[in-house]
2 protein chains.
Amino acid sequence: MGTSLKPAHIDLTASPRPDPDHADCRGVASVLSRVGDKWSVLVIMMLGDGPKRFNELKRMINGISQRMLTLTLRGLERDGLVTRTIFPTIPPRVDYELTDLGRGLSEPVKALGEWAMDHLTQIEAARTRFDRRNNG
Amino acid sequence: MGTSLKPAHIDLTASPRPDPDHADCRGVASVLSRVGDKWSVLVIMMLGDGPKRFNELKRMINGISQRMLTLTLRGLERDGLVTRTIFPTIPPRVDYELTDLGRGLSEPVKALGEWAMDHLTQIEAARTRFDRRNNG
DNA sequence: CGGTATCCTCTGCGATACTG
DNA sequence: CAGTATCGCAGAGGATACCG
């Protein structure tokens, strides 16, 4: 096996004492990191309107390497957000589809995306202002 | 200057032709990546109930290095999500506080966090199942 | 106290080549 | 078509030391 799937991801296990209050924050963080992952979000978006094949996704996303698409899909599958269906035909065919869980996740993600859209100009303005302050 | 602030982040500029439909997706991605950033989210959470000082944040977050806290705060400030107020006393004092924009962002983020909490067990179950399948 | 500068390590990821 | 295996590098981020 080449690369591990288990999350080198986000640990937060650093806390000296488990702090019961924020105990599950770690789990939450690992979900949030999925959302922060560019490719995962894009894949979920593309799968929003029906199942897709591997190379179909690859072409739609445009810029993702084969390696990253595989890794991303495995991660989503591992989290139960996507199903992987193999048709043992020749040539082989594999379909990826959102699970109910995956579709559920896409809701708050879309909400976030909409917020981002709505405030994008404000943010970009802030960035330009900040950058001009700090250098020429 | 040591490390650049401008986002090596997420580019997506890879698209051969700008694709007007998804043009602003790039900007959105850069916002999403903030959310995916473990430290940024934690800082925003901690600032949820009032302004905090630098070392106060450092102690609350527990595990973050001084360097990363500085970088994270600068990033948030750059995006207009956080303000930085310097009190030129001795010893010096610097307060960080959420802007309206920052508070606005924290809403959909909290929604996402709640979804994560609600489905954490499902996801963890899925992971265990997946891991047991694949090795064992 | 609240940083910045420097170094060094570790891994994410693209590129490439091979397989069922 | 849909992957896995291997290599190599750029960049993220911790540790440390110094400054106003």
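Just so it is clear: chains get the letters A, B, ... in the order the sequence lines come, proteins before strands, and each one is counted from 1.
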query: Does A/R84 place a side-chain N or O at less than 4.0 Å from the phosphate oxygens OP1/OP2 of D/dA2?
result: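 Answer is no, no contact under 4.0 Å.
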
Let me know the distance between [atom1] of [X] and [atom2] of [N], rounded to the nearest Å.
X: A/K52; N: D/dC1; atom1: NZ; atom2: P; value: 17 Å
X: B/D37; N: C/dG12; atom1: CG; atom2: P; value: 15 Å
X: A/R74; N: C/dC13; atom1: CZ; atom2: P; value: 17 Å
X: A/L73; N: C/dC13; atom1: CG; atom2: C1'; value: 16 Å
X: B/D95; N: C/dG2; atom1: CG; atom2: P; value: 8 Å
X: A/Y96; N: D/dA2; atom1: OH; atom2: P; value: 8 Å
X: B/L71; N: C/dA5; atom1: CG; atom2: C1'; value: 13 Å
X: B/K58; N: D/dG13; atom1: NZ; atom2: P; value: 16 Å

- request: Among B/L69, B/T72, B/L76, find the one that has a side-chain contact (heavy atoms from CB on, under 4.5 Å) with B/W39.
  value: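 When side-chain contact (heavy atoms from CB on, under 4.5 Å) is applied between B/W39 and each of B/L69, B/T72, B/L76, only B/T72 qualifies.
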
Pairwise side-chain contact, [X] with [Y], heavy-atom cut-off 4.5 Å (strictly under):
X: A/V31; Y: B/M117; value: no
X: A/L105; Y: A/L98; value: no
X: B/E97; Y: B/V82; value: no

field: Shortest side-chain distance from B/F54, nucleotide among C/dG3, C/dC1, D/dC1
entry: C/dG3

- prompt: Out of D/dA2, C/dG2, C/dT4, which has the shortest distance to the side chain of A/V94?
  reply: D/dA2

Output one line per pair: protein atom, nucleotide atom from nucleotides 14-20 of chain C, and distance, for all N/O pairs under 3.5 Å.
{"residue": "C/dG14", "atom": "OP2", "partner": "A/S65", "partner atom": "OG", "Å": "2.6"}

task: Would you mind checking if A/E124 and A/R127 are paired as a salt bridge, meaning a charged N to carboxylate O distance below 4.0 Å?
output: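 Salt bridge flag = no for A/E124 with A/R127.
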
- request: Run the salt-bridge test on B/R93 and B/D95 with the 4.0 Å N-O cut-off and return the result as yes or no.
  value: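 B/D95 and B/R93: salt-bridged.
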
message: Between A/T99 (side chain only) and A/L81 (backbone N and O only), is there a donor and an acceptor less than 3.5 Å apart?
response: yes

task: Please answer whether the main-chain N or O of A/V35 pairs with a side-chain N or O of A/K38 as donor and acceptor at a distance below 3.5 Å.
output: no

task: For A/P91 and for A/T70, find the nucleotide of DNA chain D with the closest heavy atom, then tell me which residue's nucleotide is more 5'.
output: A/P91

Sequence neighbours excluded, every pair satisfying ring pair (Phe, Tyr, Trp, His ring centres under 6.0 Å) that has a member inside residues 71-115 of chain A: A/W115-A/H119

- request: Scan A/F87 against the nucleic acid and name what it touches under 4.0 Å (heavy atoms): base, sugar-phosphate only, or nothing.
  value: nothing

task: Have a look at the helix from C/dC1-D/dG20 to C/dG20-D/dC1 and give the angle its two end axes make, five pairs each, rounded to 10 degrees.
output: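 Roughly 40° between the end axes, to the nearest 10°.
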
